[in-house]
Amino acid sequence: MSRLIEDYALLSDLETAALVGRDGSVDWLCLPRFDSPACLAALLGTRDHGFWRIAPRGAVGPCARRAYRAGTLVLDTEWRTGSGTVRVSDFMPPHAPNPCVVRVVEGVSGAVTVRSEFRPRFHQGRVVPWTREADGCDVAVAGPDAVWLGADGPAARRVTAAATVADFTVAAGTRLAFTMAWAPSHRATPPTALAVPAETFQKETVDFWRRWAARCRYQGPWRDAVVRSLITLKALTYAPTGGIVAAPTTSLPGRIGGPLNYDHRYCWLRDSTLTLSCLLRSGYQEEAAAWLGWLVRAVAGDPARIQAVYGVAGQRLLPETEAPWLPGYEGSRPVRFGNAAMGQRQLDVYGEVLDTLWLSLRAGIDVPPHVWSLAKSLMEYLQDHWREPDQGLWQERGPARQFVHSKVMTWVAADRVLRLGALLGADVPAFWYSLRDEVRRQVCRRGWDSRRRSFVRAYGSSRLDASALLMPALGFLPAADERVRDTVRAMAALEHGGYLRPYEEEEQDGGRDERRGPGRAAQAPSVACSLWYAGALGSAGQTDRARAQFERVLAHRNDVGLLSERWDPDDGRQLGNAPQAFSHLALVQTAYALTEGPRSPR
């Protein structure tokens with residue numbers, strides 16, 4: 001059943017998200033939150049694992065055209081048949097009384113017979129619900145969940161235990177709208193959202209997104225791409241807490257058929273500084289403050305217990321399980337729910353948190369009164385443990401190592417806590433100044449490979465890592481430093497089809513997989529790393545190459561402007577969880593850098 005990842009568009013109500021394909025099928029939806037169990041899971045299986053398709057009856061291929069309405073997350077999909085043309089408008093209203101998906105079918109010309117086939121499957125596509133008619137709607141119930149399906153006009157429908165199928169004809173100028181809403185199964189009456197006219201929801205949704213998008217400050221040559229990326233980041237925000245998920249999906253593979261399939265429906269601390277910077281630079285102070293609030297609440301407690309990843313409400317327990325009943329995207333197994341990275345040790349996150357606190361205070365965001373106490377406790381822990389190995393930025397599931405990026409982020413932590421202390425007028429231990437200098441000396445000595453003329457991945461290794469491209473942006477070394485320029489030049493070894501792999505693989509990485517085929521890496525190149533490369537080339541004065549690199553990535557967005565985690569140059573397709581916040585953050589950051597020049601963290 002699997003379609004190309006780039007065939008999917010995103011819908012969101014700022015609490016959860018749906019993916020709808022070019023064939024008009026919603027194949028992924030978790031309710032009521034991003035991290036809830038999926039009730040439509042055909043994306044990772046077959047039609048029997050849940051979908052909702054609206055398309056001309058008998059249509060087997062993709063639509064004729066589709067696009068988001070300018071500045072919104074309202075998707076218009078157009079179908080052309082021998083008898084006429086029909087348009088389906090899909091959206092999820094933010095702040096609705098219940099999480100819901102609204103699908104409005106309108107006749108454009110002629111008369112077209114359309115079919116709606118709604119086949120929910122609860123508990124990650126595993127459970128066939130009990131479906132019945134109630135109060136003029138169809139309701140599917142299983143365990144704690146119920147989804148109600150209502151229509152605002154006549155449609156001949158058949159309700160079975162497996163699905164609700166409705167056939168109807170729309171002529172030019174006529175319309176029929178369907179609303180599917182979630183509610184706890186113990187509530188016997190239809191959700192309030194079903195009583196709201198679809199036209200009302202549609203107008204409110206268009207107005208909401210256009211007002212939000214209009215606030216974007218970026219005015220450079222790539223404004224459309226930047227606005228679409230910022231809308232995507234907003235769509236991945238869990239509004240009640242301000243947390244931003246890495247992606248709305250799980251287990252979309254970095255390499256087809258491989259086992260490295262993970263759940264990205266959670267919030268990573270590695271994204272914190274970049275997220276805040278992009279939001280502030282673009283004029284979204286409220287969203288930046290909400291993200292900071294989520295971050296401070298999530299990391300509260302023992303600094304030794306800070307995790308790399310948290311749930312949308314800041315929850316720490318994200319147990320990883322496998323779903324053997326789902327065959328996986330194009331056979332890529334296992335399918336995982338939850339993420340074991342919650343138990344990994346990633347020392348770089350201390351630098352991310354302290355950098356975010358410093359950036360927030362400098363930008364005038366209201367920080368909590370205990371911000372210095374928090375910053376001090378984090379630094380006191382890190383000063384005793386920074387020399388220890390960890391799993392690093394890329395969350396390796398092998399032995400801990402002395403990753404260079406983790407050490408660089410230790411320097412960032414010391415640098416930012418000193419700046420915080422100065423800004424707050426707090427007493428700062430003199431030891432932290434010497435610690436900052438010691439870390440820099442160590443990285444420049446042990447993290448530098450004189451033969452390759454580059455900073456490398458880990459102490460004792462000669463392998464490259466794209467995270468070294470971030471050194472100037474972090475303030476560790478200036479872009480004009482010859483070691484930085486040499487490192488940028490060395491990154492050509494990571495290029496594959498014009499894209500950058502995150503790092504050079506090593507046998508102990510645990511990423512070897514006989515199914516990937518001869519000459520293939522365990523995972524495809526990273527979109528974010530490829531964008532970092534464009535920014536680094538620009539900082540090095542290679543403007544033409546930087547713009548060409550940036551435009552190359554932009555050209556591989558899908559037809560509605562979305563990027564996944566990875567790009568496979570061999571097969572020319574997107575891979576990995578999608579849409580990926582890290583990729584869109586890197587797009588915004590790079591657009592600003594190439595338009596206005598990089599901003600110094602100092």
Side-chain angles (χ1 to χ4, degrees), residues 268-270 272-273 295-310 314 316 340-361 367-368 370-448 455 457-461 465 467 470-471 474-476 601:
W268 266 260
L269 295 190
R270 71 172 186 186
S272 57
T273 302
L295 177 71
V296 171
R297 293 189 302 272
V299 303
D302 184 353
R305 302 294 181 184
I306 282 187
Q307 300 180 181
V309 57
Y310 295 84
R316 293 170 176 253
M342 71 173 196
Q344 284 190 340
R345 192 175 201 215
Q346 292 179 230
L347 293 173
D348 62 297
V349 300
Y350 292 86
E352 288 284 357
V353 174
L354 288 165
D355 199 8
T356 301
L357 294 177
W358 154 244
L359 181 61
S360 301
L361 197 64
V367 297
H370 63 279
V371 64
W372 178 245
S373 176
L374 171 62
K376 188 177 179 182
S377 67
L378 294 176
M379 194 62 218
E380 286 173 345
Y381 175 81
L382 190 59
Q383 72 185 24
D384 294 332
H385 297 276
W386 72 273
R387 294 178 179 83
E388 299 169 6
D390 69 342
Q391 264 70 41
L393 173 67
W394 306 117
Q395 301 176 169
E396 294 193 5
R397 299 197 174 192
R401 303 176 65 189
Q402 299 283 2
F403 287 103
V404 169
H405 180 72
S406 295
K407 307 307 179 190
V408 170
M409 292 308 297
T410 296
W411 180 90
V412 170
D415 182 73
R416 304 312 191 259
V417 79
L418 290 170
R419 297 179 187 280
L420 269 170
L423 198 61
L424 294 169
D427 291 331
V428 177
F431 168 71
W432 289 349
Y433 288 94
S434 58
L435 173 63
R436 180 178 61 177
D437 294 340
E438 180 187 354
V439 174
R440 176 181 270 163
R441 285 194 301 271
Q442 186 186 98
V443 170
C444 291
R445 184 178 72 256
R446 300 183 62 189
W448 174 260
F455 286 102
R457 192 167 182 230
Y459 292 171
S461 171
D465 191 308
S467 62
L470 299 176
M471 286 182 175
L474 294 169
F476 183 80

_Test side chain to side chain contact (heavy atoms under 4.5 Å, CB included) on Gln346 and Gln395; report intermediate values, then the result._
CA-CA 8 Å; Gln346 292 179 230; Gln395 301 176 169; 3.1 Å; yes

*May I have the step-by-step check of side chain to side chain contact (heavy atoms under 4.5 Å, CB included) for Val443 and Arg440, ending in yes or no?*
CA-CA 5 Å; Val443 170; Arg440 176 181 270 163; 6.0 Å; no

*Decide yes or no on side chain to side chain contact (heavy atoms under 4.5 Å, CB included) for Val299 and Val349, but give the supporting numbers first.*
CA-CA 10 Å; Val299 303; Val349 300; over 6 Å; no

_I'd like to know whether Met379 forms a side chain to side chain contact (heavy atoms under 4.5 Å, CB included) with Leu354, so could you lay out the CA-CA distance, the side-chain angles of the two residues, the decisive distance to 0.1 Å, and finally the verdict._
CA-CA 8 Å; Met379 194 62 218; Leu354 288 165; 4.3 Å; yes

_Would Trp358 and Asp415 count as a side-chain hydrogen bond (donor to acceptor under 3.5 Å, both in side chains) here? Give the steps._
CA-CA 10 Å; Trp358 154 244; Asp415 182 73; over 6 Å; no

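Annotation for Asp302: atom CG counts as buried by contact number, over 12 foreign heavy atoms lying within 6.0 Å. When the shell of 6.0 Å around CZ of Arg305 is examined, it contains 12 or fewer heavy atoms from other residues, nucleotides or ligands.
Residues Leu382 and Ala413 approach most closely at CD2-CB, 3.5 Å, considering heavy atoms. Between Pro303 and Leu378, the shortest heavy-atom contact is CB-CD2, 3.9 Å. In terms of heavy atoms, Ala341 sits closest to Ala308 at O-CB, 4.2 Å. Between Arg416 and Asp355 the shortest heavy-atom distance is NE-OD1, 2.8 Å. In terms of heavy-atom proximity, Gly314 sits nearest to Ala298 at CA-CB, 4.3 Å. Among all heavy-atom pairs drawn from Gly447 and Val404, the shortest one is CA-CG2, 3.8 Å.
Across Gln307, Gln391, Glu388, a single residue satisfies side-chain hydrogen bond (donor to acceptor under 3.5 Å, both in side chains) together with Arg345, and that is Glu388. Applying side-chain hydrogen bond (donor to acceptor under 3.5 Å, both in side chains) to Gln442 and the options Tyr459, Trp411, Trp386 leaves one that passes, Tyr459.
Checked against side chain to side chain donor-acceptor pair (under 3.5 Å), Trp432 has the following partners two or more places apart in sequence or in another chain: Gln383. Every residue two or more places apart in sequence or in another chain that forms a ring pair (Phe, Tyr, Trp, His ring centres under 6.0 Å) with His385 is listed here: Tyr381.
The distance from the CZ atom of Arg270 to the NE2 atom of His405 is 9.5 Å, given to the nearest 0.5 Å. To the nearest 0.5 Å, atom CE of residue Met471 and atom SG of residue Cys444 are 7.0 Å apart. The CZ atom of Arg436 sits 14.0 Å away from atom OG1 of Thr410, with the distance rounded to the nearest 0.5 Å. Taken from CG in Leu269 to OG1 in Thr356, the straight-line distance is 8.5 Å, to the nearest 0.5 Å. Atom CG of residue Leu393 and atom CZ of residue Phe403 lie 9.5 Å apart, to the nearest 0.5 angstrom. In this structure, Leu359 CG and Arg419 CZ are separated by 12.5 Å, a value rounded to the nearest 0.5 Å.
Judged by distance alone, the side chain of Arg446 and the main-chain N or O of Gly460 form no donor-acceptor pair under 3.5 Å. No side-chain donor-acceptor contact under 3.5 Å links Tyr433 to the backbone of Ala414. Side-chain atoms of Arg387 do not come within 3.5 Å of backbone N or O of Gln402 as any donor-acceptor pair. In this structure, Ser373 contributes its side chain and His370 its backbone to no donor-acceptor pair below 3.5 Å. Judged by distance alone, with hydrogens and angles left aside, the side-chain atoms of Thr273 form a donor-acceptor pair with the main-chain N or O of Glu352 at under 3.5 Å.
Between Val367 and Leu357 there is no side-chain heavy-atom pair separated by less than 4.5 Å. Residues Val428 and Val417 have side chains not in contact (no heavy-atom distance under 4.5 Å, counting atoms from C-beta outward). In this structure the side chain of Ser406 never reaches within 4.5 angstrom of the side chain of Arg401, judged on heavy atoms.
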